[in-house]
Amino acid sequence: MATRTCNFYFLLIFTFLFNLSSSSSTDSFVFGGCTQQVYTPDSPYESNINSLLTSLVNSATYTSYNNFTIMGSTPQDIVYGLFQCRGDLSMPDCATCVARAVSQLGSLCSNTCGGALQLQGCYVKYDNSTFLGVEDKTVVLKKCGPSIGYDTDSMTIRDAVLTGLVRTGGPYRVGGSGQVQGLAQCVGDLSIGECQDCLSEAIGRLKSDCGTAVYGDMFLAKCYARYSTGGAHVYTKTHNDKSINEGEKTFAIIIGLLAGVALIIIFLIFIRKICEGGGK
């Protein structure tokens with residue numbers, strides 16, 4: 001009995017450590033949804049969904065965007081899907097995010113023909129009707145923070161940052177000034193012109209709908225734009241922030257790891273004493 005109890009304690013510790021190390025802001029939930037149409041369990045369509053989702057996860061280990069079409073023996077069995085990671089994520093972070101999104105979709109949209117999930121760091125979608133290469137400016141999520149009142153300076157800077165995002169080329173765009181930061185991204189299946197059109201719509205809506213809010217998020221079906229003032233949200237990783245000393249960051253990481261190891265040793269010594277006492 002003592003041995004079984006000790007094994008249980010060890011399992012709890014390592015489960016806690018795994019959960020602690022695997023948690024990340026890039027994996028936090030933004031929105032998700034499922035289609036109403038369902039498929040028959042153990043059908044060819046279910047097999048094709050599983051094949052698609054496996055392909056998405058595998059592909060995320062070497063690219064930040066990809067789409068797939070899994071053909072079936074009949075047109076009803078075809079499934080379309082894509083994933084995309086936020087433009088600043090490394091490949092390991094991208095792969096981890098997509099794997100988590102796919103795992104959550106499996107629970108969220110069980111037996112439905114289509115589903116979509118947006119995490120902070122990545123987006124995954126699949127459906128039995130084609131959406132690849134189709135521009136869609138439907139508002140999926142709008143979220144505005146509390147109003148900061150009409151602060152002329154802050155609003156002027158905010159508008160300038162958002163305007164800069166409109167003018168910046170590419171599917172992934174970041175910008176900032178002082179404590180104001182902005183982020184925008186298109187899904188990779190859009191053309192350059194479609195991306196520009198979608199982001200112009202999202203940013204225009206963000207300005208008008210969120211007014212003097214301290215932060216704002218505008219997610220359309222094929223693009224999104226976000227802004228934050230006063231550090232209300234941090235959207236991107238600061239890999240290129242020259243104000244942060246890399247030596248200090250490395251030192252802090254080492255200290256954190258040493259502290260973690262020390263805690264583990266203390267826990268193991270404590271549990272060993274319990275086990276030895278229980279075995280007598």
Side-chain angles (χ1 to χ4, degrees), residues 24-33 56 59-60 62-67 81-98 100-102 105 116-126 131-144 158-177 180-207 209-210 215-229 232-240:
S24 170
S25 61
T26 58
D27 301 334
S28 58
F29 179 86
V30 178
F31 68 81
L56 296 181
S59 183
Y62 59 84
T63 183
S64 60
Y65 165 80
N66 212 342
N67 68 75
L82 62 76
F83 78 89
Q84 175 164 286
C85 290
R86 202 175 66 203
D88 65 326
L89 292 196
S90 65
M91 284 296 96
D93 287 341
C94 177
T96 299
C97 188
V98 172
R100 290 182 185 275
V102 167
L105 264 177
L117 183 67
Q118 175 77 59
L119 302 183
Q120 290 288 353
C122 62
Y123 175 66
V124 173
K125 180 177 181 178
Y126 68 90
F131 58 90
L132 301 176
V134 178
E135 184 180 7
D136 187 350
K137 295 185 286 186
T138 303
V139 176
V140 179
L141 174 70
K142 179 185 76 173
K143 187 175 182 181
C144 303
R158 190 278 308 269
D159 289 347
V161 168
L162 292 179
T163 299
L165 293 180
V166 175
R167 295 174 178 173
T168 303
Y172 176 70
R173 311 176 186 190
V174 292
S177 177
V180 180
Q181 61 173 301
L183 168 67
Q185 188 170 19
C186 293
V187 177
D189 62 330
L190 295 186
S191 68
I192 295 175
E194 290 170 337
C195 175
Q196 184 65 28
D197 183 49
C198 190
L199 287 181
S200 296
E201 176 78 12
I203 292 171
R205 285 178 174 268
L206 202 53
K207 288 181 179 180
D209 292 7
C210 287
Y215 69 86
D217 298 337
M218 184 65 65
F219 284 82
L220 307 185
K222 281 296 182 77
C223 69
Y224 65 83
R226 318 177 77 177
Y227 77 86
S228 172
T229 65
H233 287 299
V234 177
Y235 295 126
T236 62
K237 294 190 173 186
T238 53
H239 296 298
N240 299 317

Inset, instruction - Decide, based on the SG atoms alone, whether C85 and C122 are under 2.5 Å apart. - result: no
Inset, instruction - State, with a plain yes or no, whether a side-chain heavy atom of C94 is found less than 4.5 Å away from one of F83. - result: yes
Legend entry - Neighbour count above 12 (heavy atom, 6.0 Å) for L141 CG: yes
Legend entry - SG atoms of C223 and C186 less than 2.5 angstrom apart: no
Legend entry - By ring pair (Phe, Tyr, Trp, His ring centres under 6.0 Å) - contacts of F31 (at least two apart): F219
Legend entry - Side-chain donor/acceptor of E201 to backbone N/O of T138, under 3.5 Å: no
Inset, instruction - Rounded to the nearest 0.5 Å, what's the gap from OG1 on T229 to OH on Y215? Could you check? - result: 10.5 Å
Inset, instruction - May I have the step-by-step check of side-chain contact (heavy atoms from CB on, under 4.5 Å) for V30 and K143, ending in yes or no? - result: CA-CA 10 Å; V30 178; K143 187 175 182 181; over 6 Å; no
Inset, instruction - Look at the side chain of K222 and the backbone N and O of V134, then say whether any donor-acceptor pair between them is shorter than 3.5 Å. - result: yes
Inset, instruction - Would you check, one step at a time, whether the test side-chain contact (heavy atoms from CB on, under 4.5 Å) holds for D197 with K137? - result: CA-CA 9 Å; D197 183 49; K137 295 185 286 186; 3.0 Å; yes
Inset, instruction - Dump the intermediate steps for side-chain contact (heavy atoms from CB on, under 4.5 Å) on S177 and R158, then the final yes or no. - result: CA-CA 8 Å; S177 177; R158 190 278 308 269; over 6 Å; no
Inset, instruction - Quick one: closest heavy-atom pair of Y123 and A116, and the distance? - result: OH-CB, 3.9 Å
Inset, instruction - With the side chain counted from C-beta on, respond yes when V161 and Y227 share a heavy-atom pair under 4.5 Å apart, and no when they do not. - result: no
Inset, instruction - Using the test side-chain contact (heavy atoms from CB on, under 4.5 Å), find all partners of V102 that sit at least two apart in sequence or belong to another chain. - result: L53, V57, V98, V124
Inset, instruction - Please examine the side chains of R100 and T26, heavy atoms only from C-beta on, and report whether any two atoms are closer than 4.5 Å. - result: no
Inset, instruction - Please confirm whether the backbone N or O of E194 pairs with a side-chain atom of S191, one donor and one acceptor, at under 3.5 Å? - result: yes
Inset, instruction - Hey, could you give me the OG/CG distance between S64 and D93, rounded to the nearest 0.5 Å? - result: 12.5 Å
Inset, instruction - Would you confirm whether R173, through its side chain, and V166, through its main-chain N or O, come within 3.5 Å as a donor-acceptor pair? - result: yes
Inset, instruction - Would you give the length of the straight line joining atom CG of D217 to atom CZ of R226, rounded to the nearest 0.5 angstrom? - result: 4.0 Å
Inset, instruction - Show the numbers, then the answer: is there a side-chain contact (heavy atoms from CB on, under 4.5 Å) between V140 and Y224? - result: CA-CA 9 Å; V140 179; Y224 65 83; over 6 Å; no
Inset, instruction - Heavy atoms only: give me the nearest C198-L190 pair and the separation to one decimal. - result: CB-CD1, 4.3 Å
Legend entry - For G81 against L132, the heavy-atom pair lying closest together: O-CD2, 4.2 Å
Legend entry - Close side-chain approach of M218 and V139, heavy atoms under 4.5 Å: yes
Legend entry - Atom pair CG/CG of D189 and D136 - distance to nearest 0.5 Å: 10.5 Å
Inset, instruction - Return yes if some donor-acceptor pair links the side-chain N/O of Q120 with the main-chain N/O of R86 below 3.5 Å, else return no. - result: no
Inset, instruction - Compare all side-chain heavy atoms of L199 with those of L165 and state whether any distance is below 4.5 angstrom. - result: no
Legend entry - Backbone N/O of S25 and side chain of S28: donor-acceptor pair under 3.5 Å: yes
Legend entry - L105 side chain reached by Y126 side chain, heavy atoms, under 4.5 Å: yes
Inset, instruction - Taking all heavy atoms of L119 and all of F29, pick out the closest pair and write down the distance. - result: CD2-CA, 3.8 Å
